[in-house]
Number of protein chains: 2
Amino acid sequence: MLSLHQLRCFLATYEHGSLTAAAEELGYAQPSVSEQVRALEKTLGVPLFRRVGRGVVPTTLADTLRPYAEQAIAASEEARRAVQSAVSLESGTIRFGMFGAARLYAGAQIVADVLERYPGVRVELIGQHSNEVQEQLRRGHLEAALIAATSVESEGMTVTPVARDELVYISADPSRLRSPVTAARLARASLIMPETTWRSSDSVRILLRRFLHEAGHNPQTRIEVEEAEISVDLVGRGLGDSVIPRAAAEQLVPRLAPNVGWVSLRPKQYDVMAIVHRRGAVLSPAAQVLIEIATRHIRSIAEPV
Amino acid sequence: MLSLHQLRCFLATYEHGSLTAAAEELGYAQPSVSEQVRALEKTLGVPLFRRVGRGVVPTTLADTLRPYAEQAIAASEEARRAVQSAVSLESGTIRFGMFGAARLYAGAQIVADVLERYPGVRVELIGQHSNEVQEQLRRGHLEAALIAATSVESEGMTVTPVARDELVYISADPSRLRSPVTAARLARASLIMPETTWRSSDSVRILLRRFLHEAGHNPQTRIEVEEAEISVDLVGRGLGDSVIPRAAAEQLVPRLAPNVGWVSLRPKQYDVMAIVHRRGAVLSPAAQVLIEIATRHIRSIAEPV
DNA sequence: CGAAAGCATAGGAATCTCCTTGGGAAGCCG
DNA sequence: CGGCTTCCCAAGGAGATTCCTATGCTTTCG
């Protein structure tokens, strides 16, 4: 089988026209290089050098081989460099999981920050929703992620809470925003909720469900949509009210539905944002960088835990 | 040190997302592939796969590495193909030595014949003069050559006579062409000779020198030029006469000096054309092809030995 | 002709490669 | 939940490869 080592010996010999000189350049003894070149000739089944007097002379087949050998060697060296620079974050990809809502109001800024610090890097923010992200983590497709975690424990995962964000009740009707919304009032409200697909595991839903249950009520929604933006838009049109994290409200409401206001729940409810990764995993520099930046960001727009 | 084998294992693993599947594809046992991948990770100093549950998942560094690995592998495979196709004369270079005069009247046709049979190859006809060619042979820069050999022996070389070409006396004066030229007459002639640079070792010169010496004369030339064409041209202008191989005369005279005629020497003298290569050398298919074609050609325009 | 240069060969130590066997963790299924 | 399968890692050993030193042979050069 062809090997890079053989090609390296071949090229050095070709360039110097001498096995001895090639050996010196490569830091080997002369017979070693001789052996490698002979092995290459054997695997290719052709003579590459004529042994003539003292010295060796490349055949035309060696001329034919040379450019390919150079390309293979070059590719292997570039591979080294590329990987090294990816490690040092001069290039390469940082892949990080992030749930939908966080992407909405922090994603862009996080990407911008990473790029400012590491201009050569590619950034991928993966995942629509924290549960999907958690699944990818479990499967190893993601190294780490920022998720909205209902509980701070998760099997086989290390979860590090970063910040909490209050859930607020949003409505286009100012009369409903005069005082904090209790479970009783929430149970009577006509709710528009996003994340339909994840309805059973979405952390906001879980919080609300618990909130209502504890007061003896059952949750009920009027309208189910997929995107948080759409639910805010619908709330703006007066078709119902909703409950979303405050940071999301601050981000989406002015843009999509300026007539909408918000008020706390009573008692206040908090969605916890956490960094999560496989237990015992060694995080790459890239992941560590993104964790650091994401953490700082989330803390700047939400309350510390 | 990076090796192609490691890269092959890496790529197979990357593509299958599994060491076991990669091993099956490559025809190895699973631990072997595992070891290669681990060795690659060690030499690069970075993790390429995350071992997660069952299966392995490429890291972003693996993504970074992959295109380079593919390029290196592809280059090595193309190297194989290129060399094979050069061996089978679908491509590659045929390099062959040939002395000046033969190039004049057979070179073009030989190249044309080779290209007709092997459309993909490059042809290089090397060498101005048989002595220069012989030197390149000795140094191993040429595999084989067609030379004008005075003697059929040459140190360390195998010389195979192919054809002989009679030397003829050419002149613009018909009176000097009525009968074959003897040594005595030649000694009195005003000669224009080509190949000045090689005057001491040119085969025609050597033949003439011997021819004259045996009759007790000394050779003397009136005009020395480098190119056979120029000497013929000068003969046509009546500035002197010359001695050249008959095939050269047949080729050059009608074109350059139609008023020139030729006559044999007495006794007739022959320049011998021969294939020569290093003693004991195994000739490549390319060289054999060219030898065959050149031999056929020379025989068609000169006498067999 | 002797000295130097340069490749080939030989033999041995160290390393690598690749296998087989066995163990453990994770997922799958009844 | 418990057994079964899958897939990876670890260990050990046989065989091949690599790489060295020492040496011999041929060519070249003074």
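Convention: sequence-line order gives letters A, B, ...; per-chain numbering from 1.
The CG-C1' distance, from L19(A) to dA8(C), rounds to 10 Å in whole Å. Between H16(B) atom NE2 and dT6(D) atom C1' there is a gap of 16 Å when expressed in whole angstrom units. Per the geometry, CG belonging to L40(A) stands 16 Å off C1' belonging to dT18(D), to the nearest Å. Rounding to whole angstrom units, CD of residue Q6(A) and P of dC19(D) are separated by 11 Å. In this structure, the CD atom of E35(B) is 11 Å from the P atom of dA10(D), given to the nearest Å. Going from atom CZ of R50(A) over to atom P of dA8(C) covers 14 Å, rounded to whole Å. Taking atom CG of residue L4(B) and atom C1' of nucleotide dT17(C), one finds them 16 Å apart after rounding to whole Å. Atom CD of E41(A) is separated from atom P of dA8(C) by 9 Å (rounded to the nearest Å).
Checking dC20(D), dT18(D), dC7(C) against the side-chain heavy atoms of Q30(A) singles out dC7(C) as nearest. Among the nucleotides dA22(D), dT18(D), dT28(D), the one closest to the side chain of P31(A) is dA22(D).
Around the CD atom of E24(B), the shell of radius 6.0 Å holds no more than 12 heavy atoms that belong to other residues, nucleotides or ligands. Counting heavy atoms of neighbouring residues, nucleotides and ligands inside a 6.0 Å radius, atom CD of Q30(B) exceeds 12 of them.
Judged by distance alone, the side chains of S34(A) and R38(A) do bring a donor and an acceptor atom under 3.5 Å apart.
Using a 4.0 Å cut-off, no side-chain N or O of S34(A) falls inside it from OP1 or OP2 of dC7(C). For H5(A) and dC19(D), the shortest distance from a side-chain N or O to OP1 or OP2 is below 4.0 Å. Put simply, R38(A) has a side-chain N or O that comes within less than 4.0 Å of OP1 or OP2 on dT9(C). Listed pair S18(B) / dC8(D) meets the phosphate criterion, a side-chain N or O lying under 4.0 Å from OP1 or OP2. Checking the phosphate oxygens (OP1, OP2) of dA5(C), no side-chain nitrogen or oxygen of T20(A) falls inside 4.0 Å. Distances shorter than 4.0 Å separate some side-chain N or O of R51(A) from OP1 or OP2 on dA8(C).
Two end axes, each from the C1' atoms of five base pairs, can be drawn for the helix from dC1(C)-dG30(D) to dG30(C)-dC1(D); they diverge by 30°, to 10 degrees.
Residue G27(B) is classed as a sugar-phosphate contact, given heavy-atom separations below 4.0 Å to backbone atoms only. Residue S32(B) is in base contact, counting any heavy-atom pair closer than 4.0 Å across all strands shown. Within 4.0 Å (heavy atoms only), Q36(B) reaches sugar-phosphate atoms of the nucleic acid but no base atom.
Mapping R138(B) and V56(B) onto DNA chain D by nearest heavy atom places V56(B) closer to the 5' end of the strand. Annotation: of the two residues near DNA chain D, R278(B) and A21(B), the 5′-most nearest-nucleotide partner is A21(B).
Although no hydrogens or angles enter the test, the distance criterion places no donor-acceptor pair under 3.5 Å between the side chain of T160(A) and the main chain of A274(A). Judged purely by atom type and a 3.5 angstrom limit, R8(B) has no side-chain atom pairing as donor or acceptor with the backbone of A69(B). The backbone N or O of S284(B) sits less than 3.5 Å from a side-chain atom of E143(B), completing a donor-acceptor pair.
Between I94(B) and L89(B) the shortest side-chain heavy-atom distance falls below 4.5 Å. In this structure, the side chains of L11(A) and R66(A) come closer than 4.5 Å at one or more pairs of heavy atoms.
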